[in-house]
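Notes to accompany the following structure.
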Amino acid sequence: MATPDHSLVEQSQSAAKAKTQVNGDGFGLAWYGEKPEPALYRDTLPAWADSNLTSIARHVKSKTFFAHVRASTSGSLSRDNCHPFVSGLWAFMHNGQIGDFPIFRRELENALSDRSYAEREGTTDSELIFRLAIDNGLEADPIGAVETAIMIVQKTAEKAGITPLVRFTSAITNGDRLIAIRYATDRFAPSMFWTKLDGADGYCIASEPFRDGKQEWNSIATSRFLEIKDGNIAIGEFMPNAAMIAAA
């Protein structure tokens, strides 16, 4: 594939659709090679300032590749707070935020299993959602597990007397299946698009198109998930509120 006109490195300096135009609070890559677990490379430098990133990106080959540039909304500027996050076979990254997260963060942490609490490395709301999903059946039912994790966030906010505000677009994979989710409790879900790669047997999911005008990009609707598995795409509803009703 040719070099993109609006690559992720370019988006880190001048994003067109993200809430924050400059995403310079670190970056991260996760990819699947010869081992079943993902490789991980993260740093707190802006993506445009890391010369190693350019070299690595030109040489790494993978059937599944994650890349993320960060504009922090919670958690300090540290490598542990840079996306993607990994656990076992799984990798996860997220755009968005949990409103008033510091107020009820401790209650959410109490909802983690001892194992997930011990494995948690950073302090972001994003990683906490990932760990909650792991505890709630990620391996068996990734979409249901993330729905339950968001449901726990919303119920915990309500318990604290806070109107839930969740803005959540995410991607999660075990190397064989990739799931993208777009959701918000208000009208401002972060953007997410997908396309079939020209001249390649594969797909790309991105927060904004990176080859403007040169191929067709499709927006993922709010409260929807898109799953890619065995070269096929499935789209369905993402319904944390249904999980809330079932748990009531």
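- The side-chain contact (heavy atoms from CB on, under 4.5 Å) check on Asp80 picks up Arg42, Ser78, Glu121, with sequence neighbours excluded.
- Taken together through direct or relayed side-chain contacts under 4.5 Å among Ile, Leu, Val, Met, Phe, Trp and Tyr, Ile233 and Ile143 form parts of separate hydrophobic clusters.
- In this structure, Asp43 and Cys82 have side chains that are not in contact, with every pair of non-hydrogen atoms separated by 4.5 Å or more.
- Scanning all heavy atoms of the two residues, the minimum distance from Ser191 to Ser207 falls at OG-O, 2.6 Å.
- Put simply, CE on Met192 and OG1 on Thr222 are 11.0 Å apart, with the number rounded to the nearest 0.5 Å.
- Linking ILVMFWY side-chain heavy atoms closer than 4.5 Å, directly or via other members, places Leu178 and Ile172 in two distinct hydrophobic clusters.
- Looking at Thr44, its side chain never comes within 3.5 Å of a backbone N or O of Gly26 through a donor-acceptor pair.
- Glu109 pairs by the salt bridge (charged side-chain N to carboxylate O under 4.0 Å, His left out) definition with Arg105, Arg120, not counting sequence neighbours.
- In this structure, the side chain to side chain donor-acceptor pair (under 3.5 Å) partners of Trp90, at least two apart in sequence or on a different chain, are Glu139.
- A search for salt bridge (charged side-chain N to carboxylate O under 4.0 Å, His left out) contacts involving Lys229 returns nothing, not counting sequence neighbours.
- Take Phe66 and apply the ring-ring contact (aromatic ring centres under 6.0 Å, His included) test, not counting sequence neighbours, and it matches no residue.
- Residues that satisfy the salt bridge (charged side-chain N to carboxylate O under 4.0 Å, His left out) test with Asp186, not counting sequence neighbours, are Arg167.
- Contact record, Ala149 with Ala133: CB-N, 3.8 Å, taken as the closest heavy-atom pair.
- In this structure, Asn174 contributes its side chain and Arg177 its backbone to a donor-acceptor pair below 3.5 Å.
- Put simply, OG on Ser87 and CD on Glu37 are 10.5 Å apart, with the number rounded to the nearest 0.5 Å.
- Counting only heavy atoms from C-beta outward, the side chains of Thr169 and Ile220 never approach each other to under 4.5 Å.
- Under the 30°/60° scheme for interplanar angles, the aromatic rings of Phe238 and Phe168 are found to lie parallel.
- Two residues are said to be in side-chain contact when any heavy atoms from C-beta on lie closer than 4.5 Å; Met151 and Asn241 fail this criterion.
- Looking at heavy atoms from C-beta onward, Phe92 lies out of side-chain contact with Leu138 at the 4.5 angstrom threshold.
- The backbone N or O of Leu197 lies less than 3.5 Å from no partner atom in the side chain of Thr195, so there is not a single donor-acceptor pair.
- Contact check for Tyr183 versus Val146: no side-chain heavy atoms found under the 4.5 Å cut-off.
- Atom CZ of Phe225 is separated from atom CD of Glu147 by 8.0 Å, given to the nearest 0.5 angstrom.
- Applying the ring-ring contact (aromatic ring centres under 6.0 Å, His included) test to His83 and every residue at least two apart in sequence or in another chain returns His68, Phe85.
- Shown are Thr185, Ile181, Val166; of these, the side chain to side chain contact (heavy atoms under 4.5 Å, CB included) with Ile150 is made only by Val166.
- Residues Cys204 and Trp217 form a side-chain contact, since some pair of their non-hydrogen atoms from C-beta on lies under 4.5 Å apart.
- Residues satisfying the side-chain contact (heavy atoms from CB on, under 4.5 Å) criterion with Pro164, sequence neighbours excluded, are Gln154, Ala157, Glu158.
- Scanning all heavy atoms of the two residues, the minimum distance from Gly96 to Pro190 falls at CA-CG, 4.0 Å.
- Glu227 contributes no side-chain N or O that, together with a main-chain N or O of Ala234, makes up a donor-acceptor pair within less than 3.5 Å.
- In terms of modelled atom types and a separation under 3.5 Å, the side chain of Arg224 and the main chain of Ile235 share no donor-acceptor contact.
- Contact between Ala30 and Ala91 at its shortest, heavy atoms only, is CB-CB, 4.3 Å.
- Atom CG of Asn110 has more than 12 heavy atoms from other residues, nucleotides or ligands within 6.0 Å.
- In this structure, the side chain of Thr124 does not engage the main chain of Asn81 through any donor-acceptor pair within 3.5 Å.
- Atoms CD1 and CD, on Ile134 and Glu127 in that order, are 8.5 Å from each other to the nearest 0.5 Å.
- Residue Val153 is grouped with residue Phe101 when hydrophobic side chains (ILVMFWY) are merged at heavy-atom distances under 4.5 angstrom, including chains of intermediate members.
- By the side chain to side chain donor-acceptor pair (under 3.5 Å) test, Asp135 pairs with Ser113, Ser116, sequence neighbours left out.
- Remark: Thr156 engages Phe104, Glu107, Leu108, Ile152 in a side-chain contact (heavy atoms from CB on, under 4.5 Å) (not counting sequence neighbours).
- Hydrophobic clustering places Tyr203 together with Ile205 (ILVMFWY residues linked when any side-chain heavy atoms are closer than 4.5 Å, directly or through intermediates).
- Formation of a donor-acceptor pair under 3.5 Å by the Tyr32 side chain with backbone atoms of Thr173 is found in this model.
- To the nearest 0.5 Å, atoms CH2 (Trp31) and OH (Tyr41) are separated by 9.0 Å.
- Under a 3.5 Å cut-off, the side chain of Asp125 and the backbone N or O of Ile98 do form a donor-acceptor pair.
- Rounding to the nearest 0.5 Å gives a distance of 10.5 Å between CG of Asp141 and CG of Asn136.
- Taking the salt bridge (charged side-chain N to carboxylate O under 4.0 Å, His left out) definition, one finds that Glu119 meets it with Arg115, Arg131, sequence neighbours left out.
- Residues passing the side-chain contact (heavy atoms from CB on, under 4.5 Å) test with Ile103, sequence neighbours excluded: Asp100, Ile162.
- Neither Val60 nor Val86 shares a network with the other; the hydrophobic side chains, linked directly or stepwise wherever heavy atoms of I, L, V, M, F, W or Y lie under 4.5 Å apart, form separate groups for each.
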